[in-house]
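When reading the values below, keep in mind they use all heavy atoms of this one structure, side chains included, and skip hydrogens, waters and symmetry mates. In this text the structure is predicted, and so the values were computed from the model without any measurement.
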Amino acid sequence: LIARTLKFFGFKNYLIINSLLLALMAISFSFIDQHTPYWLIALQVFVFGMSVSTQYTSVNLLCYSGVPAKDISASTSLYSIVVQYSASIA
């Protein structure tokens, strides 16, 4: 499903649209109060989770799309280091 979506929108457009959606979803969490229905909270969490998941998957696809097969091992090691580093500072 993600591959078809990325082909339809293109990587750049999809990442921009999805980043905006993630920002809007993060802002929407600030409007939750004691009167917010549980189904609406569940829907917000579901859409946010799907957006984060597809963003992560599309970035992974983009990172490995131009790497020759013989260099995948080195690319995977480098990518793992970058992910761990970025997680530690974020």
All side chain to side chain donor-acceptor pair (under 3.5 Å) counterparts of Tyr79, not counting sequence neighbours: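 Asn60.
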
Do [X] and [Y] belong to the same hydrophobic cluster, where Ile, Leu, Val, Met, Phe, Trp and Tyr are linked whenever their side-chain heavy atoms lie under 4.5 Å apart, directly or via other members?
X: Leu21; Y: Ile16; answer: no
X: Tyr56; Y: Met50; answer: no
X: Leu15; Y: Phe8; answer: yes

Side-chain cluster (under 4.5 Å, hydrophobic types only) that Ile81 belongs to, other residues: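 Its cluster mates, by chain and number: none.
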
ILVMFWY cluster membership beyond Leu24 - transitive side-chain contacts under 4.5 angstrom: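 So far as hydrophobic clustering goes, Leu24 is joined with none.
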
Ring geometry between Phe9 and Tyr14 (parallel below 30°, tilted from 30 to 60°, perpendicular above 60°):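 Ring orientation, 0 to 90° scale: tilted.
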
Could you check whether any side-chain N or O of [X] sits under 3.5 Å from a backbone N or O of [Y], counting only pairs where one atom can act as donor and the other as acceptor?
X: Asp33; Y: Thr36; value: yes
X: Ser77; Y: Ser73; value: yes
X: Ser75; Y: Asp71; value: no
X: Thr76; Y: Ile72; value: yes

Gap separating the CZ atom of Phe48 from the OG atom of Ser53, nearest 0.5 angstrom: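 One finds 11.5 Å between CZ of Phe48 and OG of Ser53.
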
Nearest atoms (heavy-atom pairs only) where Met25 meets Gln44: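 Shortest heavy-atom contact: CE-O, 3.2 Å.
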
Residue pair Phe29 / Val45, side-chain heavy-atom distance below 4.5 Å: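 With C-beta onward as the side chain, the pair touches.
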
Min side-chain heavy-atom separation Ser58-Asn18 under 4.5 Å: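 Contact flag for Ser58/Asn18 side chains = no.
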
Side chain to side chain contact (heavy atoms under 4.5 Å, CB included) partner of Val52, chosen from Leu22, Thr57, Val47: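 Going through Leu22, Thr57, Val47 one by one, the side chain to side chain contact (heavy atoms under 4.5 Å, CB included) with Val52 is satisfied by Leu22 alone.
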
